[in-house]
> 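Sharing a structure below in structure tokens format, with a few things to ask.
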Amino acid sequence: MNHKEFGPRLKKIRRSHNLTQEQISRQLNISRQAYSNYEQGRCYPSPDILASLSIILNTNLFILFFQDAFDKHIPKACNYNLTDVESDSLIYLYSKLSIQKRTDLLSHLYEANEREVH
């Protein structure tokens with residue numbers, strides 16, 4: 001997923017929770033402008049911010065990245081998509097991880113994405 005796809009998805013999730021950018025940025029201890037950059041698709045949040053966002057928004061931001069990792073690393077000929085049961089299982093397992101474990105996992109996905117790009 002690129003920055004421009006992630007931003008609108010993040011914005012939609014935030015709005016569905018009736019939260020403002022200011023409210024979320026305060027919880028993340030970052031500026032509202034920094035948070036706004038994520039929603040505008042200018043950049044990705046760091047793994048630790050993304051892990052915190054997934055807790056604040058109680059949502060499957062993780063799945064957005066996880067599905068993208070599957071799409072990149074499983075040959076297209078397999079035509080693989082996560083089923084609802086697989087997605088639900090991953091969301092459940094992810095929800096049980098500590099913030100540090102979430103950050104570690106997301107860092108790994110970032111690294112895999114960087115290797116793919118270069």
Side-chain angles (χ1 to χ4, degrees):
M1 169 189 325
N2 65 41
H3 299 33
K4 298 202 185 297
E5 293 170 348
F6 177 78
R9 291 178 187 177
L10 178 61
K11 183 176 185 175
K12 183 177 179 180
I13 293 167
R14 174 185 57 80
R15 286 184 168 176
S16 74
H17 284 81
N18 296 314
L19 293 169
T20 65
Q21 288 183 348
E22 185 66 35
Q23 290 169 315
I24 290 187
S25 63
R26 269 193 244 126
Q27 290 184 57
L28 293 171
N29 201 27
I30 61 173
S31 71
R32 190 206 53 80
Q33 293 81 7
Y35 179 81
S36 177
N37 284 334
Y38 306 146
E39 286 191 3
Q40 292 179 18
R42 292 187 181 134
C43 60
Y44 283 127
S46 64
D48 60 322
I49 295 290
L50 187 60
S52 295
L53 272 171
S54 69
I55 291 171
I56 293 166
L57 296 173
N58 190 28
T59 193
N60 64 351
L61 292 175
F62 166 72
I63 293 299
L64 297 176
F65 282 87
F66 202 75
Q67 180 66 54
D68 193 50
F70 268 106
D71 292 345
K72 285 183 181 177
H73 298 289
I74 294 177
K76 297 293 182 200
C78 293
N79 198 23
Y80 183 85
N81 286 310
L82 290 176
T83 66
D84 288 344
V85 171
E86 289 169 322
S87 292
D88 290 346
S89 296
L90 288 170
I91 291 168
Y92 173 77
L93 291 172
Y94 183 71
S95 72
K96 298 300 180 190
L97 296 175
S98 68
I99 188 101
Q100 184 58 53
K101 293 290 184 184
R102 291 180 188 203
T103 301
D104 293 346
L105 181 58
L106 292 165
S107 293
H108 177 72
L109 290 175
Y110 270 66
E111 290 168 9
N113 187 50
E114 285 299 311
R115 284 191 301 271
E116 185 75 25
V117 171
H118 299 293

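Given the structure is predicted, the values throughout are model-derived calculations rather than measurements.
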> Using the side chain to side chain contact (heavy atoms under 4.5 Å, CB included) rule, pick out the option among L97, L50, D48 that qualifies with T103.
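Considering L97, L50, D48, a side chain to side chain contact (heavy atoms under 4.5 Å, CB included) with T103 is found only for D48.
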
> Please check if any side-chain donor atom of Q100 sits under 3.5 Å from a side-chain acceptor atom of D104, or the reverse.
yes

> Testing the basics here: between S31 and S25, what is the closest heavy-atom pair and its distance to 0.1 Å?
O-CB, 3.6 Å

> With a 4.5 Å cut-off on side-chain heavy atoms, are I55 and R102 touching?
yes

> Report the distance from atom CZ of R26 to atom CD of Q21, rounding to the nearest 0.5 Å.
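So the gap between those two atoms works out to 12.0 Å.
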
> Would L19 and I13 show up in the same hydrophobic cluster when neighbours are defined by side-chain heavy atoms closer than 4.5 Å?
yes

> Can you tell me how far the CG atom of L28 sits from the OG atom of S52, to the nearest 0.5 Å?
6.0 Å

> Find out whether E39 and S36 are in side-chain contact, i.e. whether some heavy atom of one side chain is under 4.5 Å from a heavy atom of the other.
no

> Could you tell me if the side chain of Y38 sits less than 4.5 Å from the side chain of I30, heavy atoms only?
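Answer yes - side chains close enough.
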
> Please report the closest heavy-atom contact between R14 and I24, naming both atoms and the distance.
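Here R14 and I24 meet closest at CG-CD1, 3.4 Å.
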
> Any chance you could measure H17, atom NE2, to I56, atom CD1, to the nearest 0.5 Å?
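Here the interatomic distance stands at 11.0 Å.
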
> Distance from L53 atom CG to S46 atom OG, nearest 0.5 Å?
9.0 Å

> Please report the interatomic distance NZ(K101) to CG(L93), rounded to the nearest 0.5 Å.
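Rounded to the nearest 0.5 Å, the NZ-CG separation comes to 13.5 Å.
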
> With no hydrogens and no angle check, is any side-chain donor or acceptor of R32 less than 3.5 Å from a backbone partner on E22?
no

